[in-house]
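Note sheet for the following structure.
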There are 2 protein chains.
Amino acid sequence: MREPLEPDGCESSLAREPLAAGQAGDLARVFKALGDPVRLRILSIVAGHTGGEACVCDLTAAFELSQPTISHHLKVLKEAGLLTSERRASWVYYRVVPERLAELSALLSLPTGAVT
Amino acid sequence: MREPLEPDGCESSLAREPLAAGQAGDLARVFKALGDPVRLRILSIVAGHTGGEACVCDLTAAFELSQPTISHHLKVLKEAGLLTSERRASWVYYRVVPERLAELSALLSLPTGAVT
């Protein structure tokens with residue numbers, strides 16, 4: 001799922017108007033992908049890595065988990081549109097998708113004064 | 001779980017430094033609460049409601065779901081620290097917790113230029 005969550009390209013806030021059922025379903029899948037401690041830590045390591053990308057070797061070193069388990073979590077994050085990957089030589093490199101994170105961040109930011 | 005997700009009160013970004021396991025666990029529980037379309041829609045309705053609060057009656061009108069089902073989702077959102085509730089007369093009124101949303105929003109916002 002790599003298409004924008006907001007079809008009109010407009011960044012929305014939860015408070016702007018009630019989410020439509022379809023849009024809520026797409027967003028829920030992305031939040032579900034974030035709803036796992038290992039996936040959040042993977043995302044954090046990739047986002048903070050020098051050059052903005054990390055290879056599986058960087059990730060396996062950070063966790064006491066098998067490479068297939070880490071690969072599964074990477075797949076979930078990719079399917080949610082939170083990571084992209086690129087194979088170079090014998091390694092696959094992962095980057096976060098800043099636009100996706102920005103969409104989610106905007107969604108969770110309430111307009112000033114909206115909630116008193 | 002109502003205590004701040006960042007014990008030092010400092011709003012953090014995923015990219016600032018790798019999330020510690022405990023912090024990732026707390027955050028994952030909150031994102032898991034958001035990982036459901038009905039709960040996202042409930043949050044959106046409450047956040048956008050006039051006066052910043054909504055009662056269960058406002059929510060039951062918006063969904064073809066039983067009141068116990070909606071109450072279950074409200075409980076999950078409250079336990080994640082995303083909503084607070086207050087009983088007045090015969091109704092319970094719900095409000096979003098802006099600080100909690102702001103924490104999550106900050107977490108997902110990457111520093112400009114962090115990812116190139």
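Here the structure is a predicted model, which means the values were calculated and not measured. Note on naming: letters A, B, ... go to the chains in the order of the sequence lines (proteins, then strands), and numbering restarts at 1 for each one.
A continuous path of hydrophobic side-chain contacts links A:Leu77 to A:Leu59 [ILVMFWY only; heavy atoms under 4.5 Å]. A:Leu74 and A:Ile45 fall within a single hydrophobic cluster, where Ile, Leu, Val, Met, Phe, Trp and Tyr are joined by side-chain heavy atoms under 4.5 Å apart, directly or via other members. No continuous path of ILVMFWY side-chain contacts below 4.5 Å connects B:Tyr93 to B:Ile70, so the two sit in separate hydrophobic clusters. Using a 4.5 Å cut-off between side-chain heavy atoms of Ile, Leu, Val, Met, Phe, Trp and Tyr, with links allowed through other members, B:Tyr94 and B:Trp91 fall into different hydrophobic clusters. Cluster annotation: A:Val76 and A:Phe31 are assigned to distinct hydrophobic clusters (Ile/Leu/Val/Met/Phe/Trp/Tyr, side-chain heavy-atom contacts under 4.5 Å, transitive).
Rounding to the nearest 0.5 Å places CG of B:Leu27 at 14.0 Å from CZ of A:Arg39. Taking OG of A:Ser44 as the start and CD of B:Glu17 as the end, the distance is 8.0 Å to the nearest 0.5 Å. We find the CG-OG distance between B:Leu101 and A:Ser105 to be 11.0 Å, quoted to the nearest 0.5 Å.
Across every non-hydrogen atom of B:Ala28 and A:Pro37, the tightest pair is CB-N, 3.4 Å.
Residue B:Leu108 is tested with A:Leu82, A:Leu107, A:Leu108 for a side-chain contact (heavy atoms from CB on, under 4.5 Å); the sole match is A:Leu108.
In this structure, A:Val96 and B:Leu14 have side chains that are not in contact, with every pair of non-hydrogen atoms separated by 4.5 Å or more. Looking only at side-chain heavy atoms (C-beta outward), A:Leu34 and B:Leu34 stay at 4.5 Å or farther from each other.
Both the backbone and the side chain of A:Ala21 come within contact range of chain B, each with at least one heavy atom under 4.5 Å from a heavy atom of that chain.
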